[in-house]
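First the structure, in the form of structure tokens, and then the observations on it.
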Amino acid sequence: MKKTRQKNKLLARLAVALAVLSFATAAHAQDFPKHPLTMIVPFAAGGTSDVIARAVAEEMGKALGQPVVIENVAGAGGSTALARAARADADGYTIAIGNAGTSAATYTIYPKLPFTPDSFAPIAMVAKTFGVVALRKDFPAKNLQEFIAYAKNNPGKINFGHAGIGSSNFLICKSFVQAAGIDVTLVGYRGAAPALTDAIGGQIDGVCDAAASVSQAIDDKLVRGLVVGSTVRLATLPDLPTSAEASLPEFEAQGWNGLFAPKGTPPAIIEKLNAAAKTAVESEPVKKRFYDLSTVAPDANEHTPDVLGQLVTRDVEKYRKLLEEKK
């Protein structure tokens, strides 16, 4: 009987402690945010993730009533930035933008990372992107089939830039060269912008990039678009053929960008961040910016944390197969 009373007292104390903790968490979430937030971008300024992050961060800041400050942390295909994000306090004030490369393929490329997919709490998918392959403007091949023939006659002599091993641009390159059956040297940079700069300057033969980063350079004829890994032509690049139109339907390069918080961030804060991200991507400034970047906002039913979590799980396996089985 005495043991039963002691057990009941212990359970009662535990219940009170949990209630106090729950109340404190709810109160914290209700006041959130009290000061500016940081959004970590895993690449140098000017690349796809950076451009998308800046557009979304500005409108999220308006929705939250506090600025969302961008911090570019380049290195190791994005894993340097995500390691920093995983170590951050789980209070909602530090979030990160990731993509299929940094948040899925990286676990195959860098198997000894100090974080796992479970180190993060998904917030929301904020953008869908489309991969483009572009050549320096004076490259001798004029279309995809000419390029593939040239590459097969010159194995290992063509070099393509990307935003670093593990980035979504690296995955575009891998998908493209494997679909085309060619031997191309892939050159990693600390972001998409410096790779594109070298392609424009003729230091490399081409780039694998998201339309968001490379479309303006194609329009300005600084580089020549070769193919887009999409099922339909992009409104902002109407003359660029899809992979199916260019007789390479195996090349698919449709990606995503999503926001993540450190594991343990209170659900009520995740909910607030999700709502702010949704408001941002539905705002007219972001819609216009996305259109200019050949980027698409997620559908209403794709904007939940669960959907982003499912994307990560799916793509971890997808890119494990791509990177391990087709080396």
Quiz item: How about V132 and L240: do any of their side-chain heavy atoms sit closer than 4.5 Å?
Solution: yes
Quiz item: Out of curiosity, Y107 OH to E317 CD, how far, rounded to the nearest 0.5 Å?
Solution: 14.5 Å
Quiz item: Can you name the nearest heavy-atom pair linking F170 to I165, along with the distance?
Solution: CG-CA, 4.0 Å
Exercise. Just jot down the salt bridge (Lys or Arg N to Asp or Glu O under 4.0 Å) partners of E59, sequence neighbours excluded, or say none.
Key: K62
Exercise. State whether R54 and E58 are salt-bridged, where the test is any N-O pair (Lys NZ or Arg NE/NH1/NH2 against Asp/Glu carboxylate O) under 4.0 Å.
Key: no
Self-check item: Spatial distance of atom CG (L234) from atom CG (D239) [nearest 0.5 Å]
Solution: 11.5 Å
Exercise. State, with a plain yes or no, whether a side-chain heavy atom of L308 is found less than 4.5 Å away from one of H303.
Key: no
Exercise. Please answer: with hydrophobic residues joined when any side-chain heavy atoms are less than 4.5 Å apart, are V41 and I123 in the same cluster?
Key: yes
Quiz prompt | Note, Q178 side chain near F251 side chain (heavy atom, < 4.5 Å) | solution = no
Practice problem: Would you mind reporting whether D50 and I70 have side-chain heavy atoms less than 4.5 Å apart? | Solution: yes
Quiz prompt | Under 3.5 Å donor-acceptor, S119 side chain and T116 backbone | solution = yes
Practice problem: Indicate, with yes or no, if V187 and I158 share a hydrophobic cluster defined by side-chain heavy-atom contacts under 4.5 Å among Ile, Leu, Val, Met, Phe, Trp and Tyr. | Solution: no
Exercise. Give a yes-or-no answer on whether the side chains of N257 and S49 include a donor-acceptor pair shorter than 3.5 Å.
Key: yes
Practice problem: Would you check if H162 and L186 make a side-chain contact, meaning some heavy-atom pair closer than 4.5 Å? | Solution: yes
Exercise. Spell out, as yes or no, whether a donor-acceptor pair under 3.5 Å connects the side chain of S167 to the backbone of G164.
Key: yes
Quiz item: Does G309 offer a backbone N or O that forms a donor-acceptor pair with the side chain of T313 under 3.5 Å?
Solution: yes
Quiz item: Can you tell me how far CZ of R87 sits from CG of L82, rounded to the nearest 0.5 angstrom?
Solution: 11.0 Å
Self-check item: Nearest non-hydrogen partners of R289 and A55, listed with the distance
Solution: CG-CB, 4.0 Å
Quiz item: For the residue pair A179 and L248, what are the closest heavy atoms and their distance?
Solution: O-CD1, 3.4 Å
Quiz item: Which residues satisfy the side chain to side chain donor-acceptor pair (under 3.5 Å) test with R190, sequence neighbours excluded?
Solution: none
Self-check item: Distance in Å, D315 CG paired with N99 CG, rounded so as to fall on 0.5 Å steps
Solution: 10.0 Å
Exercise. Specify whether F120 and F260 have parallel, tilted or perpendicular ring planes, treating 30° as the upper limit for parallel and 60° as the lower limit for perpendicular.
Key: perpendicular
Quiz prompt | Which atom of I172 lies closest to which atom of C208, heavy atoms considered | solution = CG2-CB, 3.8 Å
Self-check item: Side-chain heavy atoms of M60 within contact of L37, under 4.5 Å
Solution: no
Quiz item: What's the shortest heavy-atom distance between G78 and T102, and which atoms?
Solution: CA-CG2, 3.9 Å
Quiz item: For the side chain of N274 and the backbone of I270, is there at least one donor-acceptor N/O pair under 3.5 Å apart?
Solution: no
Practice problem: Using the rule that two of Ile, Leu, Val, Met, Phe, Trp, Tyr join whenever any of their side-chain heavy atoms come within less than 4.5 Å, decide whether I204 and V184 are in one cluster. | Solution: no
Exercise. Decide whether D306 and Q310 meet the rule of one side-chain donor and one side-chain acceptor closer than 3.5 Å.
Key: no
Quiz item: Quick one: do V281 and I97 end up in the same hydrophobic cluster if we chain Ile, Leu, Val, Met, Phe, Trp and Tyr together by side-chain heavy atoms under 4.5 Å apart?
Solution: yes
Self-check item: From I52 atom CD1 to W256 atom CH2, the distance as rounded to the nearest 0.5 Å
Solution: 11.5 Å
Quiz item: Salt bridge or not for E324 and R320, using N-O below 4.0 Å?
Solution: yes
Exercise. Report yes or no: does E271 contribute a side-chain atom to a donor-acceptor pair with the main-chain N or O of P267 at less than 3.5 Å?
Key: no
Exercise. Evaluate the side-chain proximity of R136 to Q203: yes if any heavy-atom separation is below 4.5 Å, no if none is.
Key: no
Exercise. Could you pull out the closest heavy-atom pair between I218 and G225, with the gap in Å?
Key: CD1-CA, 3.8 Å
Exercise. Would you check if the distance from the ring center of F139 to the ring center of F147 is below 6.0 Å?
Key: yes
Practice problem: Might you confirm whether atom NZ of K157 has over 12 heavy atoms from other residues, nucleotides or ligands at distances under 6.0 Å? | Solution: no
Quiz item: Do you see a donor-acceptor pair shorter than 3.5 Å between the side chains of D198 and Y189?
Solution: yes
Quiz item: Are V68 and F290 in one and the same hydrophobic cluster, where Ile, Leu, Val, Met, Phe, Trp and Tyr link if side-chain heavy atoms are under 4.5 Å apart?
Solution: yes
Quiz prompt | Under 3.5 Å: donor-acceptor pair, side chain of D89, backbone of D91 | solution = no
Exercise. For T129 and S168, run side chain to side chain contact (heavy atoms under 4.5 Å, CB included): C-alpha distance rounded to whole Å, both residues' side-chain angles, the deciding distance at 0.1 Å, then the answer.
Key: CA-CA 10 Å; T129 58; S168 60; 5.8 Å; no
Self-check item: Side chain to side chain, T242 and V227, heavy atoms closer than 4.5 Å
Solution: no
Practice problem: Inspect the surroundings of NZ in K137 and state if more than 12 heavy atoms from other residues, nucleotides or ligands are less than 6.0 Å away. | Solution: no
Quiz item: Roughly how far, to the nearest 0.5 Å, is CG of L64 from CG of L273?
Solution: 6.0 Å
Quiz prompt | Crowding at NZ, K272 (>12 non-hydrogen neighbours, <6.0 Å) | solution = yes
